[in-house]
J.: 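One structure, pasted below without further comment.
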Amino acid sequence: MLSTADFLQYTQWSGIATLVFAALTVLGLIFKWGIRFRLVGTTGFMLVLTGGLFALSLVPLSRTVIPGAVRFTLVYDNGSTQAVIATAPDITPSALEATLRQAASNLYSYGRLGSRNDNYLTIRARTLIHPEPGVTVPLYLGEIKRTLTQREDAQMTVEIYPEKFAQLPKAAA
């Protein structure tokens, strides 16, 4: 994954290219070249690109890696206080806890809105089981609640549903 230092380097090169295009644009306008208006557009695009790269050089793009976590898919997110992730049906309770903690860290954002009554992000983990052919049932395996007010939350509550793990199909031995 690219680091902020990489984006700062790209910003510098893009800034130099922007200055070159700006100089060509000025020359094109002075000498009335046929491509002078295309150069204006190119210079404007380069300004936007340089600004975007500069913004990416300020904000870290790192994801938290929790040991033992498995891949998950974000299934539902209302952008506020609720989210649902999907995991594989062969997940273990310890791997689910690590995965929920990683999802809680990755899905945290300052832009999430809470309310006076609910200022917590609740992430539920589910998998799909097939009790009989042609029937698919979502099975919720656990959830985690974290605060929306702080980036680092030491008070996260993880709840794993052991009775739901008993409903998972057993792997063929």
Side-chain angles (χ1 to χ4, degrees), residues 1-14 48-173:
M1 178 170 259
L2 297 174
S3 69
T4 54
D6 294 332
F7 281 112
L8 186 59
Q9 181 69 34
Y10 299 147
T11 301
Q12 292 172 349
W13 284 106
S14 181
V48 171
L49 181 66
T50 303
L53 288 171
F54 178 69
L56 288 172
S57 73
L58 297 176
V59 178
L61 294 175
S62 61
R63 295 274 187 198
T64 303
V65 177
I66 305 289
V70 297
R71 292 181 56 98
F72 65 88
T73 304
L74 182 64
V75 176
Y76 172 78
D77 188 353
N78 69 358
S80 179
T81 59
Q82 296 179 5
V84 176
I85 61 170
T87 63
D90 60 351
I91 193 167
T92 63
S94 61
L96 178 64
E97 182 176 352
T99 303
L100 282 168
R101 289 186 183 279
Q102 182 164 336
S105 178
N106 290 348
L107 294 177
Y108 175 79
S109 171
Y110 291 111
R112 287 188 179 272
L113 299 175
S115 65
R116 280 186 223 160
N117 301 342
D118 189 13
N119 205 20
Y120 290 92
L121 170 62
T122 302
I123 302 170
R124 298 176 72 193
R126 70 131 169 97
T127 191
L128 298 176
I129 59 172
H130 308 283
E132 57 187 65
V135 177
T136 302
V137 177
L139 184 65
Y140 288 91
L141 302 172
E143 71 178 28
I144 188 168
K145 286 190 177 196
R146 66 155 300 136
T147 183
L148 290 172
T149 58
Q150 299 173 358
R151 176 82 173 140
E152 299 299 325
D153 183 10
Q155 303 295 327
M156 285 190 278
T157 58
V158 179
E159 189 174 353
I160 305 294
Y161 309 138
E163 68 277 2
K164 301 294 184 173
F165 276 91
Q167 297 178 22
L168 290 176
K170 303 297 181 234

J.: Which residues satisfy the side chain to side chain donor-acceptor pair (under 3.5 Å) test with Thr92, sequence neighbours excluded?
T.: Ser94
J.: Between Asn78 and Thr81, which heavy-atom pair has the shortest distance, and what is it?
T.: OD1-N, 3.1 Å
J.: Could you tell me which residues satisfy side chain to side chain contact (heavy atoms under 4.5 Å, CB included) with Ala69, sequence neighbours excluded, listed by chain and number?
T.: Ile66, Ala98, Thr99, Gln102
J.: Under the side chain to side chain donor-acceptor pair (under 3.5 Å) test, which residues partner Tyr161, sequence neighbours left out?
T.: Glu143
J.: Who pairs with Thr122 by side chain to side chain donor-acceptor pair (under 3.5 Å), at least two apart in sequence or on another chain?
T.: none
J.: Quick check: are there more than 12 heavy atoms from other residues, nucleotides or ligands sitting under 6.0 Å from OH of Tyr108?
T.: yes
J.: Partners of Leu139 by side chain to side chain contact (heavy atoms under 4.5 Å, CB included), sequence neighbours excluded?
T.: Thr127, Ile129, Leu141, Lys164, Gln167, Leu168
J.: Supply the atom-to-atom distance Leu49 CG to Thr11 OG1, rounded to the nearest 0.5 angstrom.
T.: 8.5 Å
J.: With rounding to the nearest 0.5 angstrom, report the CD to CG distance, Gln82 to Asp77.
T.: 9.5 Å
J.: Enumerate the side chain to side chain donor-acceptor pair (under 3.5 Å) contacts for residues 144-154, please, sequence neighbours excluded, ordered by first and then second residue.
T.: Thr147-Thr149
J.: Tell me, please, which residues at least two apart from Val135 pass side chain to side chain contact (heavy atoms under 4.5 Å, CB included).
T.: Pro131, Glu132, Val137
J.: How long is the span from the OG atom in Ser109 to the CG atom in Leu121, to the nearest 0.5 Å?
T.: 10.0 Å
J.: The criterion is ring-ring contact (aromatic ring centres under 6.0 Å, His included); which residues satisfy it with Phe7, sequence neighbours excluded?
T.: none
J.: State, to 0.1 Å, how close Pro138 and Leu128 come at their nearest heavy-atom pair, and which atoms those are.
T.: CA-CD2, 3.8 Å
J.: Output all residues satisfying side chain to side chain donor-acceptor pair (under 3.5 Å) with Thr50, sequence neighbours left out; order by chain, then residue number.
T.: Ser14, Thr18
J.: Grab the two heavy atoms, one from Ile123 and one from Ala104, that are nearest each other, plus how far apart they are.
T.: CD1-CA, 3.5 Å
J.: Where do Met156 and Ile144 come nearest, in terms of heavy atoms and distance?
T.: SD-CD1, 3.7 Å
J.: Within a strict 4.5 Å, meaning less than it, do heavy atoms of the Ile160 and Phe165 side chains meet?
T.: yes
J.: When you look at Leu107 and Arg112, which way does the side-chain contact (heavy atoms from CB on, under 4.5 Å) test go after all the steps?
T.: CA-CA 9 Å; Leu107 294 177; Arg112 287 188 179 272; 4.0 Å; yes
J.: First locate atom CZ of Phe72, then atom CG of Asn106, and finally report the distance between them rounded to the nearest 0.5 Å.
T.: 5.5 Å
J.: Quick one: does Tyr10's side chain get under 4.5 Å of Leu56's, heavy atoms only?
T.: no
J.: Going by salt bridge (Lys or Arg N to Asp or Glu O under 4.0 Å), name the residues that satisfy it together with Arg126, two or more places apart in sequence or in a different chain.
T.: none
J.: Between OH of Tyr120 and CD of Gln155, what distance do you get to the nearest 0.5 Å?
T.: 8.0 Å
J.: Just to verify, what does Leu8 make a side chain to side chain contact (heavy atoms under 4.5 Å, CB included) with, not counting sequence neighbours?
T.: Gln12, Ser57
J.: Which pairs would a plain distance check flag for residues 83-90, meaning a side-chain donor or acceptor within less than 3.5 Å of a matching protein atom at least two apart in sequence or in another chain?
T.:
none

